[in-house]
Amino acid sequence: MMYKFFLNLDRSPGRRKNFDDSWTRFKAVDGKEFHSDEPILKRMISMWNIGESEHRAKCGCFQTHYNMLSHIRNNKLNRVIVVEDDALQVNEIEEDVLSQCKTFTYLGGYFAHIRMLDGAMTTGEFLGSYDGLNQLDKTEMRILMTLAYYIPHWTIARDILDFIDSKARVRAIDVMLFDIVKVPFDYIYPALFIEDACETTIHKVSRNKHPNQYYHLC
């Protein structure tokens, strides 16, 4: 059995239209509703360098994925696909490819330089992917966004949570994943999901670039 969850805020009912009955809605945490003494607001480093509204949104996103991973761990769920509600499926979910996945596997997002300030990779900077399952070489690049991912076994969620819980301070969830040593990371290429060009619920201004199926912003 495979589980498929999409993460969705109560105030974004319109985004549910892209998901049929094979998907289960998982309630996203709304950073706007945090009390001022909510621990995550002071635990996440972005409190020092972005405005309060965006900081709350990032904290809500972080807490949503944390809760999702906790749900996977606590219920010992295997073969789980998780997507954010602005994910659009563009390629078929092939059982034979998923069966090869043994660790955390990206199903969407975009390639970025290891040094965050260098930003996203352009189409000419990384051409080493081949069709199917690829190992993410963290000496070459990182993948940003938690747009869509696959967890084949619940113990992977447990190990990610253990890493997060060991840190006094946290960063955005997609940034933190890069620092986990115990869990290797893979990705399926081309991506199964791209980002819909809908209004963002995190940033004040919607991005004019979105990840395509080749893990590049365009």
Of the non-hydrogen atoms in [X] and [Y], which two are nearest, and what is the gap between them?
X	Y	result
Trp23	Val83	CZ3-CG2, 3.6 Å
Asn91	Ala191	ND2-O, 2.7 Å
Met44	His55	O-CE1, 3.5 Å
Ala157	Ile72	CB-CG2, 3.9 Å
Leu9	Asp85	N-OD2, 4.0 Å
Ala87	Phe19	O-CZ, 3.9 Å

Sub-3.5 Å donor-acceptor pair from the side chain of [X] to the main-chain atoms of [Y], do we have one?
X	Y	value
Asn134	Tyr130	yes
Asp118	His113	no
His210	Ala197	no
Asp174	Met145	yes
His153	Thr155	yes
Arg43	Lys167	yes
Asp20	Ser22	yes

Pairwise side-chain contact, [X] with [Y], heavy-atom cut-off 4.5 Å (strictly under):
X	Y	answer
Leu7	Thr64	yes
Phe185	Thr103	no
Tyr149	His65	yes
Phe6	Arg16	yes
Ile114	Lys138	no
Asn78	Pro152	no
Ile194	Pro211	no
Asp179	Phe163	yes

Will you find, in the side chains of [X] and [Y], an N or O donor that is under 3.5 Å from an N or O acceptor?
X	Y	value
Lys58	Ser46	no
Tyr66	Asp165	yes
Asn8	Arg25	yes
His71	Asn67	no

Enter the distance from [X]:[atom1] to [Y]:[atom2] here, rounded to the nearest 0.5 Å.
X	Y	atom1	atom2	value
Phe193	Asn18	CZ	CG	10.5 Å
Leu192	Ile81	CG	CD1	7.0 Å
Leu147	Glu195	CG	CD	6.0 Å

Run the numbers on Tyr187 and Phe111 for ring pair (Phe, Tyr, Trp, His ring centres under 6.0 Å), then give the verdict.
-> CA-CA 11 Å; Tyr187 62 97; Phe111 296 141; 5.5 Å; yes

Among the clusters formed by ILVMFWY side chains lying less than 4.5 Å apart, do [X] and [Y] turn up in the same one?
X	Y	answer
Ile156	Met1	yes
Phe62	Ile50	no
Phe5	Leu88	no
Phe178	Val175	no
Phe26	Ile160	yes

Steps toward side chain to side chain contact (heavy atoms under 4.5 Å, CB included) verdict (Cys59, Phe34) = CA-CA 9 Å; Cys59 289; Phe34 282 141; 3.8 Å; yes

Take Ile45 and Val170, measure what side chain to side chain contact (heavy atoms under 4.5 Å, CB included) needs, and give me the verdict at the end.
-> CA-CA 6 Å; Ile45 293 173; Val170 296; over 6 Å; no

Would you sort out whether Thr24 and Tyr3 count as a side chain to side chain contact (heavy atoms under 4.5 Å, CB included), showing the intermediate values?
-> CA-CA 8 Å; Thr24 299; Tyr3 300 89; over 6 Å; no

Which residue, Asp30, Ile40, Leu41, forms the side chain to side chain contact (heavy atoms under 4.5 Å, CB included) with Arg56?
->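 Of the listed residues Asp30, Ile40, Leu41, the side chain to side chain contact (heavy atoms under 4.5 Å, CB included) partner of Arg56 is Leu41.
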
Let me know which of Ile143, Leu177, Asp186 forms a side chain to side chain contact (heavy atoms under 4.5 Å, CB included) with Leu136.
->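 Testing Leu136 for a side chain to side chain contact (heavy atoms under 4.5 Å, CB included) against Ile143, Leu177, Asp186 leaves exactly one candidate, Ile143.
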
Is the number of heavy atoms from other residues, nucleotides or ligands under 6.0 Å of Gln135 CD greater than 12?
->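 No, because the 6.0 Å sphere around CD of Gln135 holds 12 heavy atoms or fewer from other groups.
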
Do other residues, nucleotides or ligands put more than 12 heavy atoms under 6.0 Å from Arg171 CZ?
->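 Atom CZ in Arg171 is not crowded, with 12 or fewer foreign heavy atoms closer than 6.0 Å.
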
Aromatic ring pairing Tyr189/Tyr214, orientation class (parallel under 30°, perpendicular over 60°, tilted between) |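 Aromatic pair Tyr189/Tyr214 classed tilted.
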
In plain terms, say whether Arg79 and Glu95 are close enough for a salt bridge, that is, a side-chain N and a carboxylate O under 4.0 Å apart.
->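 Yes.
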
Evaluate side chain to side chain contact (heavy atoms under 4.5 Å, CB included) for Met116 paired with Leu144, printing each intermediate quantity in order.
-> CA-CA 10 Å; Met116 296 287 292; Leu144 289 179; 4.1 Å; yes

